[in-house]
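Numbers here simply count residues along the sequence, with the first being 1. Indexing begins at 1, ligand by ligand and atom by atom, following the structure's order. Being a predicted model, the structure only gives us computed values, none of them experimental.
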Amino acid sequence: MNLVRLIYASHKTEFWNDLELGKLLENAQRFNKAKNITGILYFNRKYFLQCLEGQRDDVSALYSEIVQDRRHRDVQILAFEEINEREMEQWHMSYLPDSKITQSMILKYTNGTDFDPFSMTGRGALAFMLHAARLLKAEQP
Ligand SMILES: Cc1cc2nc3c(=O)[nH]c(=O)nc-3n(C[C@H](O)[C@H](O)[C@H](O)COP(=O)(O)O)c2cc1C
């Protein structure tokens with residue numbers, strides 16, 4: 001088993017519709033569960049930042065699908081690494097709403113006050129995602 005974690009950033013396009021978010025997550029969770037893929041999706045109304053954890057071939061195959069999705073563009077891998085353990089094992093795809101992100105969190109991980117994942121380093125993107133995972137875990141009963 002080769003577990004990996006991949007984090008990418010992208011920019012929404014005119015084909016994206018906020019109303020589709022629920023359906024996208026539902027489908028993603030169903031598919032990811034079948035493939036034992038876990039992760040978090042953050043969307044700030046302009047950019048996506050997504051973390052995918054799972055077996056290398058499954059994560060690679062899903063990423064190849066996601067890249068071709070016309071609802072976003074400029075898909076860029078920020079971080080990719082082999083891992084010994086997952087950090088997002090609770091969720092087949094958790095959604096991190098923008099309302100959970102504070103200005104201090106943005107300042108902590110980016111160089112300004114606007115969240116722009118393309119300005120993040122790979123290590124910064126990972127730290128942001130791990131912070132997000134802690135926030136989401138703290139909310140669970
Ligand atoms: C930002 C974003 C994140 C996505 N994340 C996932 C995901 O985690 N799992 C998944 O199965 N599909 C995800 N999708 C949807 C896939 O791109 C694609 O629509 C899905 O694999 C179904 O492909 P198909 O319509 O060709 O069958 C995501 C799409 C976008 C735009």
Side-chain angles (χ1 to χ4, degrees), residues 1-103 105-141:
M1 186 177 72
N2 292 297
L3 270 185
V4 298
R5 181 185 301 119
L6 184 156
I7 302 175
Y8 75 81
S10 65
H11 197 297
K12 77 168 182 182
T13 65
E14 68 272 25
F15 298 108
W16 174 257
N17 177 347
D18 283 353
L19 300 174
E20 289 176 22
L21 180 64
K23 194 75 197 152
L24 183 145
L25 284 172
E26 199 182 305
N27 289 340
Q29 282 157 1
R30 190 174 335 106
F31 178 85
N32 296 359
K33 188 172 182 186
K35 295 286 180 185
N36 292 320
I37 290 173
T38 52
I40 295 178
L41 175 67
Y42 172 53
F43 175 53
N44 80 334
R45 308 284 147 202
K46 184 173 180 185
Y47 300 115
F48 294 101
L49 182 66
Q50 188 175 29
C51 182
L52 302 168
E53 297 174 333
Q55 200 156 303
R56 186 170 55 209
D57 52 352
D58 291 326
V59 169
S60 300
L62 176 59
Y63 178 72
S64 307
E65 282 286 322
I66 291 175
V67 167
Q68 293 174 49
D69 198 311
R70 66 176 189 166
R71 291 172 289 186
H72 62 169
R73 61 177 164 83
D74 305 334
V75 185
Q76 245 179 56
I77 293 176
L78 302 185
F80 180 86
E81 62 176 334
E82 291 193 317
I83 53 174
N84 296 320
E85 56 188 345
R86 297 173 194 251
E87 297 290 344
M88 297 158 196
E89 67 280 359
Q90 280 101 330
W91 316 288
H92 290 293
M93 193 44 61
S94 183
Y95 178 63
L96 178 68
D98 204 27
S99 56
K100 295 267 175 281
I101 303 303
T102 58
Q103 276 304 319
M105 194 171 164
I106 292 175
L107 199 56
K108 186 175 170 84
Y109 297 107
T110 74
N111 57 10
T113 47
D114 290 327
F115 179 82
D116 176 357
F118 294 101
S119 73
M120 294 171 109
T121 61
R123 287 164 69 110
L126 173 61
F128 178 88
M129 277 300 183
L130 295 181
H131 191 146
R134 287 196 299 276
L135 286 180
L136 291 165
K137 280 179 190 177
E139 272 186 0
Q140 292 193 333

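- Panel note: side chain Lys12, backbone Arg45; a donor-acceptor pair is recorded below 3.5 Å.
- The ring-ring contact (aromatic ring centres under 6.0 Å, His included) test with Phe48 is passed by exactly one of Tyr95, Tyr8, Tyr42, Phe43: Phe43.
- With Asp74 contributing its side chain and His11 its backbone, the two residues share no donor-acceptor pair below 3.5 Å.
- The part of Gln50 lying near ligand 1 is the side chain, judged by heavy-atom distances below 4.0 Å.
- The contact set between ligand 1 and Arg71, taken as ligand atoms under 4.0 Å from a residue heavy atom, comprises 15 (C), 19 (O).
- Heavy atoms of Ile37 found under 4.0 angstrom from ligand 1: none, in either backbone or side chain.
- For atom 16 (C) of ligand 1, the nearest protein heavy atom lies closer than 4.0 Å.
- The nearest heavy-atom contact from the protein to atom 30 (C) of ligand 1 is Leu24 CD1, 3.7 Å.
- Near Phe31, meaning under 4.0 Å from any of its heavy atoms, are these atoms of ligand 1: 11 (O).
- Counting protein heavy atoms under 4.0 angstrom from atom 22 (C) of ligand 1 gives zero.
- Side-chain atoms of Gln68 come within 3.5 Å of backbone N or O of Ser64 as a donor-acceptor pair.
- The shortest side-chain heavy-atom distance between Leu62 and Leu6 does not fall under the 4.5 Å cut-off.
- Near Phe48, meaning under 4.0 Å from one of its heavy atoms, ligand 1 places the atoms 1 (C).
- Remark: minimum distance from atom 7 (C) of ligand 1 to any protein heavy atom is reached at Ala28 CB, 3.4 Å.
- Between Arg134 and Glu87 there is no salt bridge, since none of the side-chain N atoms of the basic residue sits less than 4.0 Å from a carboxylate O of the acidic one.
- Contact annotation: Phe15 has no heavy atom less than 4.0 Å from any atom of ligand 1.
- Side-chain contact between Ile40 and Phe128 is absent, with no heavy atoms from C-beta onward closer than 4.5 Å.
- The presence of a protein heavy atom under 4.0 Å from atom 25 (O) of ligand 1 is ruled out.
- Below 4.0 Å from some heavy atom of Met93 lie the following atoms of ligand 1, by number and element: 8 (O).
- In this structure, Lys137 and Glu89 have side chains that are in contact, with non-hydrogen atoms separated by less than 4.5 Å.
- Side-chain atoms of Met129 and Arg5, non-hydrogen and from C-beta on, never get closer than 4.5 Å to each other.
- In terms of protein heavy atoms, atom 20 (C) of ligand 1 is closest to Glu65 OE1, 4.6 Å.
- With respect to atom 6 (C) of ligand 1, the closest heavy atom belonging to the protein is Ile66 CD1, 3.6 Å.
- Of all atoms in ligand 1, numbered sequentially from 1 with element shown, those under 4.0 Å from a heavy atom of Asn32 are 7 (C), 8 (O), 9 (N), 10 (C), 11 (O).
- With a 4.5 Å cut-off on side-chain heavy atoms, Lys35 and Gln55 do not count as touching.
- Lys46 places none of its side-chain heavy atoms less than 4.5 Å from the side chain of Asp98.
- For ligand 1, the atoms lying closer than 4.0 Å to a non-hydrogen atom of Tyr8 are 1 (C), 2 (C), 3 (C).
- Contacts between Asp69 and ligand 1 below 4.0 angstrom, taking non-hydrogen atoms only, involve the side chain exclusively.
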